[in-house]
Each structure stands twice: as structure tokens, then as C-alpha cells.
2 protein chains.
Amino acid sequence: MEKSANMLRKFDVKPSFQRIKIFDYLLNNRIHPTADTIYRDLVKEIPTLSLTTVYNTLKLFEKNNLLISIKISENEQRFDVDTSNHAHFYCKTCKEVYDIPTESAICTKTVEQYGGKIDEIHIYIKGKCNKCQEGE
Amino acid sequence: MEKSANMLRKFDVKPSFQRIKIFDYLLNNRIHPTADTIYRDLVKEIPTLSLTTVYNTLKLFEKNNLLISIKISENEQRFDVDTSNHAHFYCKTCKEVYDIPTESAICTKTVEQYGGKIDEIHIYIKGKCNKCQEGE
DNA sequence: CTTTGTGCAAATTCTTTGCACCAAA
DNA sequence: TTTGGTGCAAAGAATTTGCACAAAG
């Protein structure tokens, strides 16, 4: 709890109860959850929580670089507190998102060559994970 | 028109009037359009066209590997008839999507190492394009 | 007090579905 | 005549917005 609160302060986010809980959840559940997943899990503990607050908070966190938003699965946004350089693997069978290490400096040269400025790089790999392969 | 029709047949898609027109549009407008963009442009020429048909058709094309769907911009799907290996650059300012060449064999080893099978790799780069940089 | 956060309900956006009609084989 | 394509209207899912109330400083 206190660790999360300090983290929030460091990124200029006022640590309200809900914000701390949501950030805490993200730190302890590295499953790239959707807003709804976070809401469903936390509402058990905080019955007054609303989905709107979860959305508001995640948006604020993203703006303040506390997390990145990933759009790898069907029509939903997922959130990742690991803001370091890495790729994501989406298993189309079990719908899980896995982190994949990478040394991506990929094709940034081409963009820069034309004078473009890069803010974000997303590498999304889709397929079937090892567990789902086995079950065949 | 005939070129498109043959292309469709080759990928096991019956070349109806609408399908040919939509495929034609995609071939001649390499702007990664959304379903709505395609609809708005084509309805001028084909007043009876419906957005549903555009969606149906794009879905069919995707299933038959005539195009890939990209989710790089905010909440919309865009379509690209270039199914070869390349990355996409999204300019957050002008909202355009540009093709970026790449030699991506990126971090596929890590996935395969764990026994996963890769179907698709999407590389999305976001930032500001050269034109939008200049205007500052 | 005054500002900021929270949460309900309604709205919005993109996409899909159900269904009836139409066209082609 | 049977199959498959088209298109309208309605539904659906994820996210955002407007607004009122609550909390914090």
C-alpha cells in the first residue's frame, strides 16, 4: 500500500484510496488486465467502487507514465505497469497476454530517416502459447 | 476491375460487384482506411451500398488472407491489402498510418523457445510524422 | 470554502447480428 | 429452387461524458 502511494506521488498522482488500490492491484497482478477485470476483482473488496473510477484512474496513470495501454486482444484495452521495453504475445486460444523480452531498436531508423519522432513502439505477436499447443 | 476479380477468385472469394469494388478501392487507396472511410467513398459511386456489406466483405477478405487488419489508431480497425512483412507508423497529429519497411524476425525466438506458435506479428510505432514536425 | 475525486446513468462509437429480400447458378 | 450476397434496423460491447455528491486541504 505505502509503496504504491509513494510511486503515485513520484509520478504526480495524488494517492487516493481507490488509486492506491488500483495501482496495487496492477503491481500484484501482472496479467495485463482490462478495466473490467480490475473492477470485478476490486469491487469484492471495495463494494462502492465504480467502473468509471477504474477507467478514470487508468487514464490518469497512463497520462502520467505509470502504465502503458495495450491493444492486442479483440476489442479491449489492457494495461501493463511494466513500462520498460518489451513485446507482447497474445494466445488466441486461452486469450492470455504474455510479456516477451526484446531488444527492440527495430526499424526506428526508417522512421527517423524521414524526420518522424517516435513516442511508442508496440510489438504484438499473436498465435498459440505452449500450454495450448500441448492440449492438442 | 478484372485484376481485382481474378485476385478474389485466387483467394476463393466469389467476385461479386461490391466485393470487386471494395477490393479495387483497397488496391488503389493505400491509406489503411477504416470500414467507414471505404463506405463513405464508395457510396458516392454505389448509392445502394451498405456499411454492413463493407464490414462483411472486409471480414471475409481477412479470413481469406486478402488483407490484414490493423489496430494502431484509437478505437478503430484499419485495413491493409499489403500482407507482406512490414511495420506501421501512426502519426498522432495527422492520424495517418504509414508503412515502414522492416526485417522482422524479432523476438520470435523467445516465443518459439517456450513452444508457442506464431501466427501474426504486428509492429506499431506511434509518434509524429515528418510533415507534422515541420509545422512547428 | 474551494478544489478535486468518485460514481451513477446516459451517451457515444465501432462493430456485429437477425432477418428479409434479391440475385446467381 | 437452392444457395449465398446484400442491406436495413436493432443489438452489443467497450469506453466516455455530464452531472451531482462527497472528500480533502
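From a predicted model like this one, the values you see are computed outputs, not experimental measurements. Worth knowing before you read on, the calculation uses all heavy atoms, side chains too, and leaves out hydrogens, waters and symmetry mates.
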What is the distance from [atom1] of [X] to [atom2] of [N], rounded to the nearest Å?
{"X": "B:Phe17", "N": "C:dA23", "atom1": "CZ", "atom2": "P", "value": "14 Å"}
{"X": "A:Gln77", "N": "C:dC14", "atom1": "CD", "atom2": "C1'", "value": "14 Å"}
{"X": "B:Lys71", "N": "C:dT13", "atom1": "NZ", "atom2": "P", "value": "19 Å"}
{"X": "A:Lys14", "N": "C:dT6", "atom1": "NZ", "atom2": "P", "value": "11 Å"}
{"X": "B:Arg19", "N": "C:dA23", "atom1": "CZ", "atom2": "C1'", "value": "13 Å"}

When you compare the side chain of [Y] with that of [X], does any pair of heavy atoms fall below 4.5 Å?
{"X": "A:Val81", "Y": "A:Phe23", "value": "yes"}
{"X": "A:Asp99", "Y": "A:His88", "value": "yes"}
{"X": "A:Glu76", "Y": "A:Asp36", "value": "no"}
{"X": "A:Ile72", "Y": "A:His32", "value": "no"}

Single-linkage hydrophobic cluster, 4.5 Å side-chain cutoff, A:Val43 and A:Ile20 together: yes

5' priority, DNA chain D, between B:Asn75 and B:Gln18 [closest heavy atom]: B:Gln18

Residues, nucleotides or ligands: over 12 heavy atoms within 6.0 Å of B:Arg9 CZ: yes

A:Arg30, CZ: over 12 other non-hydrogen atoms inside 6.0 angstrom: yes

Aromatic contact, B:Tyr90 with B:Tyr124 (centres under 6.0 Å): no

Start and end of the DNA chain D segment that chain A contacts, any atom under 4.0 Å from a heavy atom: D:dA14 to D:dT17

Residues in contact with DNA chain C, drawn from residues 45-65 of chain A - heavy-atom cutoff 4.0 Å: A:Thr48, A:Leu49, A:Ser50, A:Thr52, A:Thr53

